[in-house]
Amino acid sequence: MVGGENHGQTRLKLVTPAIKKRAVTPRRQPNSELRSREHLTETEVEKLIEAAKGNRYGHRDATMILVAYRHGLRASEVCDLRWEQIDWNSATLHVRRVKSGKPSTHPVRGDELRALRKLQRETQKSPFVFVSERSGPFTTDSFNWMVKRAGQKAGLPFQVHAHMLRHAAGYKLAGDGHDTRSIQDYLGHKNIQHTVRYTELSPTRFKDFWRD
């Protein structure tokens, strides 16, 4: 040390740490703010199907919406649907459920059967009923996007998502007067409480009220 100075030490400068503001993730609106109900009416489903027919692959998209609605399929169930599940001779569909749901066999009505036969003729060979441009299975994200877009094209006054088709089936069956247990088996619910919501909102419950 010469003259009281320490030439071997580096003088440190105190720096105030910079505070980085994190972007706040936008809060997702609850479904109740996006729409007043979580199901579609039969008329609204028909509008979705008509809107989807105008797509580049209109017949595929319209048939996909029809099949999901008629059989109360979740997005993953309709995307994973395979030709081997359809029995053309008996006009039935073997429905495999996810979430440990109960499998079942559904009748396939004439208009649906004709749409599926046409799709099979026009689609490149694949074990899956609904395929993408690259002949791979349709993804759930693609199906959700397609349904949402069809809702916009149809001019529906609320945002539509694919699961509304499953709810639409439940409410349609309840409105037609089918019993809760049968609807439970049709939709593959393990717990009947998941089915009760459809019968609770069915207008046929009150059909004899205020009779003249």
Side-chain angles (χ1 to χ4, degrees), residues 30-49 52 62-82 84-87 90-113 115-116 129-130 140 143-144 146-148 150-151 154 156-212:
N31 289 336
S32 59
E33 291 182 16
L34 295 173
R35 49 197 160 261
S36 59
R37 53 186 156 86
E38 279 299 301
H39 70 281
L40 298 167
T41 65
E42 187 174 18
T43 301
E44 288 166 344
V45 174
E46 289 169 356
K47 288 180 179 179
L48 277 189
I49 292 171
T63 303
M64 200 171 188
I65 292 173
L66 175 65
V67 171
Y69 168 59
R70 286 275 175 85
H71 303 285
L73 302 179
R74 298 176 178 88
S76 58
E77 292 167 348
V78 72
C79 289
D80 193 47
L81 196 67
R82 298 164 188 258
E84 64 189 38
Q85 292 173 245
I86 302 170
D87 187 328
S90 62
T92 54
L93 173 69
H94 177 66
V95 180
R96 294 195 293 256
R97 297 292 185 186
V98 297
K99 296 188 175 181
S100 302
K102 297 185 293 184
S104 54
T105 301
H106 293 182
V108 181
R109 293 173 59 185
D111 59 338
E112 187 184 350
L113 206 62
L116 286 166
V129 176
F130 302 107
T140 55
F143 182 54
N144 272 302
M146 186 265 283
V147 171
K148 179 180 177 181
L156 297 184
F158 48 82
Q159 186 171 297
V160 177
H161 61 83
H163 204 71
M164 294 178 84
L165 295 168
R166 177 167 165 83
H167 290 322
Y171 285 111
K172 171 69 167 66
L173 295 172
D176 287 347
H178 297 289
D179 65 275
T180 308
R181 184 68 68 182
S182 296
I183 299 172
Q184 177 192 9
D185 290 340
Y186 191 84
L187 295 177
H189 287 150
K190 285 187 71 177
N191 189 333
I192 200 168
Q193 288 305 312
H194 294 146
T195 318
V196 167
R197 60 179 157 179
Y198 301 126
T199 50
E200 283 180 341
L201 288 181
S202 170
T204 58
R205 293 179 64 207
F206 310 120
K207 64 181 180 181
D208 293 328
F209 285 30
W210 298 97
R211 295 187 68 178
D212 293 333

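Just so it is clear, the structure is predicted and the values come from calculations on it, not from any experiment.
When all heavy atoms of Arg70 and Tyr186 are compared, the closest pair comes out as O-OH, 2.6 Å. A pairwise comparison of heavy atoms in Val98 and Glu77 identifies N-OE2, 3.0 Å as the closest pair. When all heavy atoms are compared, the tightest approach of Gly151 to Val160 is CA-CG2, 4.1 Å. Shown here for Ala162 and Ala75, the closest heavy-atom pair between the two residues is CB-CB, 4.4 Å. Nearest heavy atom pair, residue Phe143 against residue Ala68, reads CZ-CB, 4.0 Å.
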*Kindly determine whether Tyr69 and Leu48 satisfy side chain to side chain contact (heavy atoms under 4.5 Å, CB included), including the steps that lead there.*
CA-CA 11 Å; Tyr69 168 59; Leu48 277 189; over 6 Å; no
*Dump the intermediate steps for side chain to side chain contact (heavy atoms under 4.5 Å, CB included) on Tyr171 and Leu173, then the final yes or no.*
CA-CA 5 Å; Tyr171 285 111; Leu173 295 172; over 6 Å; no
*Apply side chain to side chain contact (heavy atoms under 4.5 Å, CB included) to Leu165 and Val78, showing your working.*
CA-CA 11 Å; Leu165 295 168; Val78 72; over 6 Å; no
*Between Val129 and Thr63, is a side chain to side chain contact (heavy atoms under 4.5 Å, CB included) present by the stated rule, with each step listed?*
CA-CA 10 Å; Val129 176; Thr63 303; over 6 Å; no
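Comment: Arg181 does not engage Asp185 in a salt bridge, judged by the lack of any side-chain N to carboxylate O separation of less than 4.0 angstrom. Taking the charged nitrogens against the carboxylate oxygens, Glu112 and Arg109 have no contact shorter than 4.0 Å, which rules out a salt bridge.
A distance of 8.0 Å separates NE2 of His189 from CD of Gln184, quoted to the nearest 0.5 Å. Rounding to the nearest 0.5 Å places CE of Met64 at 9.5 Å from CG of Leu73. The CG atom of Leu116 sits 8.0 Å away from atom CG of Leu81, with the distance rounded to the nearest 0.5 Å. Atoms NZ and CG, from Lys172 and Leu40 in turn, are 14.0 Å apart once rounded to the nearest 0.5 Å. One finds the NZ atom of Lys148 at 14.0 Å from the CE atom of Met146 (value rounded to the nearest 0.5 Å). Rounded to the nearest 0.5 angstrom, Thr199 OG1 and His178 NE2 are separated by 13.0 Å.
Side-chain N or O atoms of Arg97 include one that pairs as donor or acceptor with a backbone N or O of Leu187 at under 3.5 Å. In this structure a side-chain-to-backbone donor-acceptor pair under 3.5 Å is present from Gln85 to His94. The main-chain N or O of His194 is found under 3.5 Å from a side-chain atom of Arg197 such that the two form a donor-acceptor pair. Although no hydrogens or angles enter the test, the distance criterion places no donor-acceptor pair under 3.5 Å between the side chain of His161 and the main chain of Asn144.
Heavy atoms of other residues, nucleotides or ligands lying less than 6.0 angstrom from NZ of Lys102 number more than 12.
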